[in-house]
Amino acid sequence: MPKHILVGYDGSETARRAYLFALELADCSKATVSVVSVWQTENGTDMAAAMIADSLTEREKGLREEVRQLAPASQAAVSVKLVPGSPGDALLKYVSQHGADHIVIGHTERGALARWLLGSTSVDVLAKAHVPVTVVR
């Protein structure tokens with residue numbers, strides 16, 4: 001059973017379902033949950049990022065409140081983090097740096113062109129993860 005569950009969260013309906021699923025899994029296994037939202041940057045760096053650190057802190061607080069309101073009665077230990085990077089790479093980096101042993105991520109169906117142009121975070125994570133991954137639709 002997992003002890004540290006990472007949830008990739010972008011505010012979408014499937015991300016909300018993934019978060020709620022992760023909470024249920026955490027309740028069963030007494031795991032902690034890390035909700036990670038990725039702030040996309042080009043090549044992992046962005047000069048503007050340094051200039052708006054206070055804004056990011058506020059965004060992280062808003063994100064924390066958003067997930068708390070999704071399941072206010074949950075007893076699971078939940079942390080929330082906003083990290084820079086490309087979504088798949090940032091989530092996998094977080095797993096390796098923080099010892100998460102399970103990933104829960106939402107998947108939104110896109111057409112072939114959109115998938116080609118934008119990529120698919122869930123497919124990227126599935127292909128590269130070294131821990132179990134649950135994809136919620």
Side-chain angles (χ1 to χ4, degrees):
M1 293 300 274
K3 294 299 174 200
H4 183 184
I5 302 166
L6 168 71
V7 180
Y9 189 84
D10 64 4
S12 67
E13 181 58 35
T14 56
R16 289 190 288 274
R17 287 196 301 267
Y19 171 66
L20 295 174
F21 176 84
L23 289 179
E24 290 180 25
L25 185 59
D27 285 344
C28 293
S29 63
K30 306 291 189 254
T32 60
V33 176
S34 293
V35 177
V36 176
S37 184
V38 179
W39 171 52
Q40 291 190 45
T41 60
E42 211 170 288
N43 298 325
T45 61
D46 188 2
M47 286 302 284
M51 298 171 61
I52 59 171
D54 289 338
S55 174
L56 292 177
T57 301
E58 289 303 311
R59 285 177 60 188
E60 192 170 271
K61 286 179 187 176
L63 180 62
R64 190 173 293 114
E65 181 61 21
E66 181 179 331
V67 298
R68 188 193 64 74
Q69 287 181 8
L70 287 172
S74 174
Q75 297 299 310
V78 177
S79 65
V80 176
K81 190 70 177 164
L82 182 63
V83 299
S86 70
D89 292 339
L91 294 174
L92 293 169
K93 182 177 179 181
Y94 192 92
V95 165
S96 66
Q97 289 179 338
H98 298 277
D101 58 1
H102 194 107
I103 301 170
V104 178
I105 192 166
H107 176 73
T108 303
E109 193 62 42
R110 293 184 178 154
L113 179 59
R115 204 170 32 256
W116 180 74
L117 289 171
L118 303 171
S120 171
T121 300
S122 58
V123 170
D124 192 31
V125 169
L126 279 167
K128 297 176 183 175
H130 296 288
V131 299
V133 179
T134 301
V135 178
V136 177
R137 291 182 158 236

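Counting from 1, the numbers follow the sequence of the chain as shown. Here the structure is a predicted model, which is why all the values come from computation and not from measurement.
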Residue pairs meeting side-chain hydrogen bond (donor to acceptor under 3.5 Å, both in side chains), one or both in residues 126-135, sequence neighbours left out, come to H102-T134, D124-K128

Begin from the C-alpha positions of Q69 and E65 and carry the test side-chain contact (heavy atoms from CB on, under 4.5 Å) through to its verdict. CA-CA 6 Å; Q69 287 181 8; E65 181 61 21; 2.7 Å; yes

V125 vs L92, test: side-chain contact (heavy atoms from CB on, under 4.5 Å). Steps then yes/no. CA-CA 7 Å; V125 169; L92 293 169; 4.3 Å; yes

E60 bridged to R64 by N-O distance under 4.0 Å: yes

Test side-chain contact (heavy atoms from CB on, under 4.5 Å) applied to V33 and L25, step by step: CA-CA 9 Å; V33 176; L25 185 59; over 6 Å; no

Shared hydrophobic cluster, V36 / L126 (ILVMFWY, side-chain heavy atoms < 4.5 Å): yes

In this structure, would L23 and V35 fall into the same cluster of hydrophobic residues linked by side-chain contacts under 4.5 Å? yes

L82 reachable from L91 in the ILVMFWY side-chain graph, under 4.5 Å edges: no

Please output the side-chain donor-acceptor pairs of residues 1-11 that fall under 3.5 Å, not counting sequence neighbours, one pair per line with the distance.
| from | atom 1 | to | atom 2 | distance (Å) |
| --- | --- | --- | --- | --- |
| K3 | NZ | S29 | O | 3.2 |
| H4 | ND1 | H98 | O | 3.2 |
| H4 | NE2 | S34 | OG | 2.6 |
| Y9 | OH | E66 | OE2 | 2.5 |
| D10 | OD1 | S12 | N | 2.9 |
| D10 | OD1 | S12 | OG | 2.7 |

For V95 and I103, what are the C-alpha separation, side-chain angles and deciding distance, and is it a side-chain contact (heavy atoms from CB on, under 4.5 Å)? CA-CA 8 Å; V95 165; I103 301 170; 3.7 Å; yes

Side-chain heavy atoms under 4.5 angstrom apart, residues restricted to Ile, Leu, Val, Met, Phe, Trp, Tyr: same cluster for F21 and V80? yes

What one should report as the nearest heavy-atom pair of R137 and T14 is C-CG2, 3.9 Å

In terms of heavy-atom contacts, A18 and V104 come closest through O-CG1, 3.4 Å

Nearest heavy-atom pair of V131 and A100: which atoms, and what distance? CG1-O, 3.7 Å

Shortest non-hydrogen contact between L63 and S37, atoms and distance: CD2-CB, 3.4 Å

Distance, nearest 0.5 Å, that separates CG of L20 from OG of S74: 9.0 Å

G106 and S122: which non-hydrogen atoms are nearest, and at how many Å? O-CB, 4.0 Å

Between A90 and P84 the two heavy atoms that sit nearest each other are CB-O, 3.8 Å

Same cluster or not: V38 versus V133, using hydrophobic residues (I, L, V, M, F, W, Y) connected whenever any side-chain heavy atoms lie under 4.5 Å apart? yes

